[in-house]
Protein chains: 2
Amino acid sequence: MLKQMMAERGRKVRLAAGEFVFHQGDGDESVYGVERGLLKAFYTQPDGREFIKSIVPAGAFIASLNALVGNGECTFSLAAIEDCELLALPYRELRGAASEDLEIARDLIGLLAELASRKERREYQLLCMSAEERYELFLEESGGNPDWLSQADLAAYLGITPQALSRIKRRRRERKQIRGS
Amino acid sequence: MLKQMMAERGRKVRLAAGEFVFHQGDGDESVYGVERGLLKAFYTQPDGREFIKSIVPAGAFIASLNALVGNGECTFSLAAIEDCELLALPYRELRGAASEDLEIARDLIGLLAELASRKERREYQLLCMSAEERYELFLEESGGNPDWLSQADLAAYLGITPQALSRIKRRRRERKQIRGS
DNA sequence: GGCAGTAATGAACCGCGGTTAACTGGCGAT
DNA sequence: ATCGCCAGTTAACCGCGGTTCATTACTGCC
């Protein structure tokens with residue numbers, strides 16, 4: 001089983017909030033499983049702007065697919081939002097184990113399908129929904145405005161600036177006022 | 001090997017330009033391999049607006065991941081842009097074969113990783129790049145403005161309206177004029 | 001030729017988000 | 001208390017994209 005293999009052969013990684021697992025441009029070919037904590041995977045633009053690709057909670061797996069499939073560089077950075085414990089396993093090992101063990105292969109197939117499915121949802125949101133709709137969806141899915149994410153990070157996740165997010169919140173407040181009066 | 005299995009056990013599907021493979025909301029759990037032709041995978045909004053998720057060329061594989069992983073509905077429609085020949089195989093069969101054959105499992109893993117990697121690139125473009133930058137990238141990757149895609153479809157792929165695409169093209173023309181003078 | 005249908009373009013108006021800058025409130029350090 | 005720092009908000013200006021409507025160009029059809 002895959003989780004078991006991660007636990008047995010994986011390298012334990014602990015890091016404090018703010019520390020990086022890998023940086024954009026690195027050649028990190030490991031797959032990481034999050035045991036505890038919270039991370040953000042984000043792109044940094046040449047001009048310094050930051051866009052958060054995904055928030056990575058405990059229980060999730062993450063890797064830079066570009067680094068895995070083509071031995072390329074990581075296209076994004078991975079950093080801890082809270083203190084974290086991870087398990088790291090080189091993808092080569094995982095693939096190697098999957099080529100000898102049908103159980104592990106099955107798990108890896110399920111994992112990759114899950115991953116692609118989540119990416120498909122994110123892709124849909126970015127392509128079809130406005131920033132305000134994405135914000136509303138985020139509120140629903142996370143159950144109210146979370147304390148574990150700064151406005152700057154939330155804005156970067158939505159693909160806008162903190163100022164634009166502030167405006168969206170104000171518009172919603174004002175609309176609710178009108179409804180409530 | 002996976003391609004071989006598709007060829008042997010897959011159902012041959014022929015369709016003319018404009019015809020649908022499946023509609024958004026269907027429960028189609030097949031994986032499709034494109035033998036010949038060109039298709040578009042697209043979301044249709046309640047108000048009728050259309051967003052193209054991906055252009056699917058010959059040689060590619062496509063399936064609605066939401067339908068595969070959770071037995072859910074297809075989140076998008078798949079339709080032929082040109083006359084097509086496809087091979088269809090239920091994902092259940094593919095997964096079943098992969099759970100008995102390490103070769104097929106390895107191929108399926110590679111396929112899913114490839115798929116996720118491409119989705120990651122698209123996600124990056126939608127999150128970090130402007131519509132104009134996405135247009136320029138499309139031109140580079142397809143080698144000049146293609147005749148096999150209407151302006152309306154190209155706009156839907158970029159996530160904007162045909163009018164906005166027209167404006168982008170005009171802005172580029174005018175900027176080139178200035179450079180060239 | 002005349003006609004309708006469609007694709008692409010263009011113009012006018014408006015709302016949203018980026019940019020820049022200023023302002024507010026909370027918090028720790030001294 | 002004061003200072004500085006940081007997160008969040010607000011405002012003013014501008015450019016881009018959506019919306020609507022009109023125009024142009026091309027095609028097939030009678």
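Proteins come first, then strands; the chains are lettered A, B, ... in the order of their sequence lines, and each starts at number 1. These numbers come from the heavy atoms of this one structure, side chains and all, not from hydrogens, waters or symmetry mates. No experiment lies behind these values; they were computed from the predicted model shown.
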### Rounded interatomic separation in angstrom, taking CG from A/Asp47 and P from C/dG18
12 Å
### Query
Hey, does the Lys NZ or Arg CZ of B/Arg122 hover above the aromatic six-ring of B/Tyr157, less than 6.0 Å from the centre and inside 45° of the axis?
yes
### Query
Charged N to carboxylate O below 4.0 Å: is that the case for B/Arg106 and B/Glu103?
yes
### Any A/Arg170 side-chain N or O less than 4.0 Å from OP1/OP2 of D/dG8
no
### Task
Write down the distance between CG (A/Leu154) and P (D/dT9), rounded to a whole number of angstrom.
10 Å
#### Entry: Closest non-hydrogen atom pair between A/Ile81 and A/Lys40, with its separation
CD1-CB, 3.8 Å
### Message
Under the side-chain hydrogen bond (donor to acceptor under 3.5 Å, both in side chains) definition, can you give me all pairs with a residue in residues 51-65 of chain B, not counting sequence neighbours?
### Response
A/Glu123-B/Lys53
#### Entry: Worked check of side chain to side chain contact (heavy atoms under 4.5 Å, CB included) between A/Leu2 and A/Phe61
CA-CA 11 Å; A/Leu2 195 142; A/Phe61 291 86; 4.1 Å; yes
### Message
With a 4.0 Å cutoff (strictly under), does any side-chain N or O of A/Arg173 reach OP1 or OP2 of D/dT9?
### Response
no
#### Entry: Rounded distance in Å - CD (B/Gln163) to P (C/dA7)
13 Å
#### Entry: Gap between atoms CD and P, on A/Glu133 and D/dG18 respectively (whole Å)
13 Å
Provide a list of protein-nucleic acid N or O atom pairs under 3.5 angstrom, restricted to nucleotides 4-6 of chain C.
none

### Task
For A/Arg172 and D/dT9, give me the distance from atom CZ to atom C1', rounded to whole Å.
17 Å
### Query
Minimum heavy-atom separation for B/Ala113 to A/Leu112, with atom names?
N-CD1, 4.2 Å
Detail all sub-3.5 Å separations between protein N/O atoms and N/O atoms belonging to nucleotides 14-17 of chain C.
from	atom 1	to	atom 2	distance (Å)
C/dG17	OP2	A/Arg171	NH2	2.7

### Summary
B/Asp147 CG to C/dA8 P, in whole Å, measures 12 Å
### Query
Which whole-number value in Å describes the distance from A/Gln45 CD to C/dG18 P?
13 Å
### Task
Would you please classify the geometry between the A/Tyr32 ring and the A/Phe22 ring as parallel, tilted or perpendicular, with 30° and 60° separating the classes?
tilted
### Message
Looking at every heavy atom in both B/Ile160 and B/Leu165, which two are closest together, and how far apart are they?
### Response
CD1-N, 3.7 Å
### Message
Rounding to an integer number of Å, can you tell me how far B/Glu50 CD sits from D/dG18 C1'?
### Response
17 Å
### Task
For A/Asn145 and A/Gln151, run side chain to side chain contact (heavy atoms under 4.5 Å, CB included): C-alpha distance rounded to whole Å, both residues' side-chain angles, the deciding distance at 0.1 Å, then the answer.
CA-CA 10 Å; A/Asn145 215 325; A/Gln151 295 300 305; 4.1 Å; yes
## Note on the structure
Of C/dA8, D/dG8, D/dT19, the nucleotide closest to the side chain of A/Gln151 is D/dG8
